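As structure tokens, the structure follows; a few thoughts come after it.
As the structure is a computational prediction, the values presented were derived from the model and not from experiment. Order of listing sets the numbers, starting from 1, for every ligand and every atom in it.
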Amino acid sequence: MSDALHEAFFALHHGLPRQGPGSDATTRRLLALAGPLPERPRTLNVGCGPGRAALLLAAEAGARVTAVDLHRPFLDELRERAAARGLSDRIRIERHSMTALPYPDGAFDLIWAEGSAYLMGFDAALRSWRRLLAPGGVLVVTECEWATDSPAPRAAAFWAQAGALRSGERNTAAAEAAGYRVLGVHELPDSDWFEEYYDPLARHADAADPARPGMAQAIAGAREEIAVRRAHGADYRYRGYVLTPADTEEKSMWTTPSRTPWKRRCGGPVGDPRGTAGSVPHAAGGGPGGGAARGRVRVAAGALGGGADAGRHDRRLCADHPGLGGR
Ligand SMILES: C[S@@+](CC[C@H](N)C(=O)[O-])C[C@H]1O[C@@H](n2cnc3c(N)ncnc32)[C@H](O)[C@@H]1O
């Protein structure tokens with residue numbers, strides 16, 4: 001990615017509510033699937049972006065959040081939002097790479113990674129973050145994946161250049177191979193792609209100056225991603241995986257007086273026009289349901305590292321790679 005495109009790409013994305021598909025309802029649903037947590041769970045939010053999930057976890061789960069990202073402007077956005085909501089004392093904001101997190105083993109009760117693990121590769125992320133979990137800890141990660149074995153050619157072509165996807169079965173198997181037990185899965189409803197991500201992004205694209213260096217290409221990339229989603233969203237989806245190390249005891253260990261079960265009721269999936277979104281405890285069906293989709297920050301260009309078997313690793317957007325101007 002050229003410097004001009006890099007700058008334009010981030011100019012287009014700054015100020016969005018979030019930097020990938022998601023919603024507060026989905027964050028709450030994933031929390032419910034995590035089961036009872038300590039009263040003030042030590043929480044690591046990896047690739048926090050502007051921090052929508054960090055804010056909810058601090059405000060509603062009483063979490064002591066360490067929010068990590070490499071892109072300073074996103075961290076600044078989170079700092080401002082936390083201050084505005086009186087949550088600054090509950091959210092520690094640190095600039096680190098997700099590939100080299102400087103925390104001791106067992107430091108966190110909860111690790112939260114919405115739309116970010118793919119940047120270093122799902123499998124590598126799961127393996128390298130596992131040591132950070134305290135006994136009984138939970139990792140929540142959302143990942144884009146195919147919902148069909150035969151995607152439309154346009155969707156297949158888009159994802160071939162934007163990041164190889166694999167099936168839910170493959171992701172579940174990868175999580176288990178990395179030493180986790182799947183506590184639950186939740187498919188993000190189609191509204192999660194649009195209401196707080198694609199719709200605001202489309203408005204930014206409409207308002208952007210195409211004469212600015214790199215901007216025409218950045219706008220075209222965003223519009224193509226949104227158009228593919230509108231046309232072929234049933235072929236791919238975002239799913240949240242709620243995982244715990246496989247050697248974790250059953251979670252009754254949390255139900256001592258000092259460990260309050262997570263009581264918040266999720267409002268249920270927000271409207272899904274296809275009626276396919278939903279979540280299940282793993283025992284009730286860890287395999288993929290049919291369904292809607294998922295999305296994320298992306299521009300067309302560049303190759304990806306690793307094949308689908310290795311999990312995706314998006315070198316264009318992972319700030320560890322020099323092509324991204326130290327982002
Ligand atoms: C698709 S966005 C998702 C952001 C946020 N979780 C959300 O849902 O709004 C991915 C995030 O990962 C961050 N990122 C990219 N490479 C990173 C790295 N090596 N270490 C930490 N964060 C990184 C980006 O700056 C961006 O904020």
- prompt: Is ligand 1 less than 4.0 angstrom away from at least one heavy atom of D69?
  reply: yes
task: Report yes or no: do E145 and Y118 form a side-chain donor-acceptor pair below 3.5 Å?
output: no
query: For ligand 1, is there an N or O atom under 3.5 Å from any N or O atom of Y118?
result: no
- prompt: For ligand 1, which atoms, with element, lie under 4.0 Å from some heavy atom of H71?
  reply: 25 (O)
message: Check contact between G115 and ligand 1, using heavy atoms of the residue and a distance below 4.0 angstrom.
response: yes
- prompt: So, the side chain of D105 versus the backbone of L132: is there a donor-acceptor pair under 3.5 Å, distance only?
  reply: no
- prompt: Does the separation of the ring centres of H232 and Y236 fall below 6.0 angstrom?
  reply: no
query: Which atoms from ligand 1 have a heavy atom of S97 less than 4.0 Å away?
result: 18 (C), 19 (N), 20 (N)
task: Answer with side chain, backbone, both or neither: which part of H96 has a heavy atom less than 4.0 angstrom from an atom of ligand 1?
output: backbone
field: Side chain, backbone, both or neither: the part of A113 lying under 4.0 Å from ligand 1 by heavy atom
entry: neither
Numbering as shown, the atoms of ligand 1 that approach R18 to under 4.0 Å (heavy-atom distance): 9 (O)
message: Below 4.0 Å from ligand 1: does a non-hydrogen atom of T99 turn up there or not?
response: no
field: E114 bridged to R18 by N-O distance under 4.0 Å
entry: yes
- prompt: Do H14 and H71 have side-chain atoms, one donor and one acceptor, less than 3.5 Å apart?
  reply: yes
- request: Describe, in one word, how the ring planes of Y198 and F194 are oriented to each other, choosing from parallel (under 30°), tilted (30 to 60°) and perpendicular (over 60°).
  value: perpendicular
query: N/O of M98 under 3.5 Å from N/O of ligand 1, yes or no?
result: yes
- request: Would you please indicate yes or no on a ring centroid separation below 6.0 angstrom for H186 and Y241?
  value: no
- request: Measure W112 to ligand 1 on non-hydrogen atoms and call it side chain, backbone, both or neither using the 4.0 Å cut-off.
  value: neither
message: Take a 6.0 Å sphere around CZ of R131 and say whether it holds more than 12 heavy atoms from other residues, nucleotides or ligands.
response: yes
Donor + acceptor pair across side chains of S23, E195 (<3.5 Å): no
task: May I ask whether E114 has any heavy atom positioned less than 4.0 angstrom from an atom of ligand 1?
output: yes
- prompt: Is any N or O atom of F74, backbone or side chain, closer than 3.5 Å to an N or O atom of ligand 1?
  reply: no
- prompt: Can you find an N/O atom of Q19 closer than 3.5 Å to an N/O atom of ligand 1?
  reply: yes
